[in-house]
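For reference, the structure discussed in these notes is given below.
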Amino acid sequence: MLDVRCRPLALAALVLAFAGAAAWARAADAPLRIIVFGAHPDDCDLDAGGSAALWAAKGHAVKFVSLTNGDAGHQSEGGGALAKRRRAEAQEAGRRFGIAEYEVLDNHDGELLPTLALRQEVIRRIRRWNADLVIAPRPNDYHPDHRNTGLVVQDTAYMVVVPNVAPDTPPLRRNPVFMYSQDGFQRPNPFRPDVAVDIDSVIEKKIRAIDAHVSQFYEWLPWVDGALDTVPKEPAARLAWLQQWRSFRPLNDDVKAALRKWYGPKAEAVKNAEAFEVCEYGRRPSEADLRRLFPFFD
Ligand SMILES: [Zn+2]
């Protein structure tokens, strides 16, 4: 029924596209509205935290959404108590990034499915945020929660403009740009960065924000790695250990090429970056659109 091959709907989509173009032009000076989705209460931080800090510092509105409450992510804690702890950690991380909101949905960790109900929840959040840009993982990932987050968000890329879908929340009149966050998976196709953001100026802020996820970076992930006994107890030593232990995003050749495209010769000095790939669905941005969405390249 919603297939765009259907002529009246194709016409409606065209009208929406023109209305969207007008709205885009009118909103050229308005603060950007960015919404980032992750499966767990620390995924958005790792994928887009540096960029979020840069956007926030320029007065743009950034919201992080975790689709699960993280209640399986610990070796000795779990359930409601862990979910409560992780929600508090996410709030503190959001505060340290300087973003507007960090919402944690109450779905169980390790059990996320791409249901219609979840898709509608995501549609409502993108609409209420009046998003210009939506960021999510790709639907290829080792972790089923990550994979299903990618699938669910990707599946909203047209539905957010369809009035009869989730009709309790007014549709967007212009489709946001949807982008994928970086991953290292090769099949069926590797991540291909369209934009890379130099986050060297905020890498300390990013690590400080990630440090708020105590249950993860000082307890659960070191335990998974068999390295729990290497974690210092004292907060300052712990933070220094975190900087050493986690290599946040290795700059591969594709990311370096993307940095050169957007920053020119300055790219050679960049040590830390976050990269994003344009999703085929949603708005297809021009280069000028991408420069407006990522106002970092001057
Ligand atoms: Zn995760």
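The figures that follow rest on heavy atoms only: side chains count, while hydrogens, waters and symmetry mates do not. When a ligand or atom number is given, it counts from 1 through the structure's own listing order. Predicted model, so just to flag it, every value in this text is computed and none were measured. This chain uses plain numbering: 1 for the first residue, then up along the sequence.
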Practice task
Please determine if Glu234 and Arg238 form a salt bridge, counting it only when a charged side-chain N lies under 4.0 Å from a carboxylate O.
Solution key: no
Practice task
Could you list the residues that satisfy side chain to side chain contact (heavy atoms under 4.5 Å, CB included) with Ala57, not counting sequence neighbours?
Solution key: none
Practice task
Kindly compute the distance separating CD1 (Ile35) from CZ (Arg125), expressed to the nearest 0.5 Å.
Solution key: 8.0 Å
Exercise for the section: Without swapping roles, check the side chain of Asp200 against the backbone of Asn272 for a donor-acceptor pair under 3.5 Å. Expected result: yes
Practice task
Could you please spell out the steps behind the side-chain hydrogen bond (donor to acceptor under 3.5 Å, both in side chains) verdict for Asp45 and His213?
Solution key: CA-CA 10 Å; Asp45 315 46; His213 296 281; 2.8 Å; yes
Handout entry: Metal site the Zn ion (ligand 1), protein N/O/S atoms found under 2.8 Å
Key = 4
Problem - Side chains of Gln154 and Tyr180, donor plus acceptor under 3.5 Å - result: yes
